[in-house]
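Both counts, for ligands and for their atoms, begin at 1 and track the order of listing.
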Amino acid sequence: MSKTSAQTQIARAPLTRQFALEVSAGLAKPGQKELPSKYLYDSVGSALFEVICALPEYGLTRAEERLLQLQAREIVDQLPRPVLVAELGSGTGRKTRLLLEALARWQSTWYHPIEISPSALAVLRRELRDINSISIVGFEREYLDGLREVAARRATGEHLLVLFLGSTIGNFDGAAGSDFLRDLREILQAGDSLLLGTDMLKPVQTLLAAYDDSIGVTASFNLNLLARINRELGADFNLQQFAHIAIFNEATHSVEMHLRSRSRQKVVIPEASISVQFEKDETIWTESSHKYSHDELVSLAHHSGFHRQAQWMDQSWGFAENLWIAE
Ligand code: AVJ
């Protein structure tokens with residue numbers, strides 16, 4: 001099979017209906033209202049996240065890029081090969097490029113980004129199209145659904161490498177992160193590998209600055225979620241009446257983003273068939289970003305059925321790239 005040209009193909013699914021269902025479920029919750037953080041990344045949100053990555057306060061992405069710049073070859077050399085690559089949440093491809101180029105020295109490779117944002121997939125395909133001997137087939141799917149499809153494509157003797165970079169795992173709150181890794185492991189075979197990026201615990205003031213930057217890009221990123229609900233579900237959120245806040249939850253070791261209602265108000269969301277009452281100062285919880293300790297990573301790997309093969313650490317920010325092998 002020729003793998004010289006970058007092939008692309010998108011499997012589409014009806015996602016707006018799903019969006020409406022999840023929005024209404026989250027906002028109808030008694031107690032803390034919430035919205036799923038995955039919906040922050042429409043084309044506007046993805047572009048704003050790119051800007052966040054360039055902010056002096058937000059060192060996470062630069063730390064991971066530095067790590068991969070220094071270590072991509074060593075990481076690839078430790079992989080069981082031949083290997084088929086799946087990536088959960090594709091980002092812009094800058095980090096992925098470093099790994100795929102290192103891999104291309106050894107073999108021609110199928111690369112399968114799995115991503116619910118069609119605009120992010122399009123950017124990625126454009127970005128990586130020029131790498132020799134890499135063939136791209138993207139899946140517009142939820143992570144595990146997409147991964148099952150990729151796993152079904154593997155040839156006998158081929159190992160799967162799953163990339164889960166950028167500490168996106170930290171967006172699963174509480175037990176959901178370890179449940180997710182266990183479900184992911186179930187799709188893999190023994191000997192398959194997971195490259196997991198994790199942002200490490202660091203001083204609270206560093207963390208809060210990273211999620212509440214001085215020029216308000218993160219605030220716009222967060223508020224865009226309401227703007228998106230206005231655009232796609234016909235809602236009437238008045239963005240002036242909500243404020244971005246970031247807090248560090250000491251109990252869960254997570255930075256939380258919320259949107260705080262500046263007044264008592266009612267919002268109508270026609271496409272989700274609901275109207276929502278907000279009290280003054282009531283918040284919508286929009287994202288958790290968990291920060292890891294070394295011990296926690298050890299037990300997380302163990303409990304989800306992986307062996308910790310290697311770890312590369314960026315000390316200046318506090319970010320780890322973890323290579324785990326399925327047991
Ligand atoms: C893309 C999930 C890694 O949690 O740090 C950045 C998203 N949110 N600023 C993170 C984000 C606010 C980011 N991840």
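Numbered from 1 in the order shown, with element, the atoms of ligand 1 that lie under 4.0 Å from a heavy atom of Gly166 read 3 (C). Against a heavy-atom cut-off of under 4.0 Å, Met257 is close to the following atoms of ligand 1: 12 (C). Listed by number with element, the atoms of ligand 1 under 4.0 angstrom from any heavy atom of Ser289 are 4 (O), 5 (O), 10 (C). Counting the atoms of ligand 1 from 1 in the order shown, those under 4.0 Å from a heavy atom of Asn171 are 2 (C), 4 (O). In summary, the atoms of ligand 1 found under 4.0 Å from a heavy atom of Leu60, numbered by their order in the structure, are 5 (O).
We find that Arg231 and Asp42 are joined by a salt bridge, their nearest charged nitrogen and carboxylate oxygen being less than 4.0 Å apart. A salt bridge links Arg264 with Glu279; the closest basic N to acidic carboxylate O contact falls under 4.0 Å. Between Arg260 and Glu282 there is no salt bridge, since no side-chain nitrogen of the basic residue lies less than 4.0 Å from a carboxylate oxygen of the acidic one. Using a 4.0 Å cut-off between a side-chain N of Lys or Arg and a carboxylate O of Asp or Glu, Lys266 and Asp236 do not qualify as a salt bridge. Between Arg154 and Asp192 there is a salt bridge, since at least one side-chain N of the basic residue sits less than 4.0 Å from a carboxylate O of the acidic one.
An N or O contact shorter than 3.5 Å links Tyr211 to ligand 1 by distance. Residue Glu287 places at least one N or O, backbone or side chain, under 3.5 Å from an N or O of ligand 1. Residue contacts with ligand 1: Ser167 is placed with no nitrogen or oxygen under 3.5 Å of a nitrogen or oxygen of the ligand (distance criterion only).
Note: Phe306 and Trp324 have tilted aromatic rings, judged against thresholds of 30 and 60 degrees for the angle between ring planes. Ring geometry for Tyr143 versus Phe180: interplanar angle over 60°, hence perpendicular rather than tilted (30 to 60°).
Among protein heavy atoms, atom 7 (C) of ligand 1 sits closest to Tyr41 OH, 3.2 Å. Atom 13 (C) of ligand 1 has Tyr58 OH, 3.2 Å as its closest protein atom, hydrogens excluded (heavy atom only).
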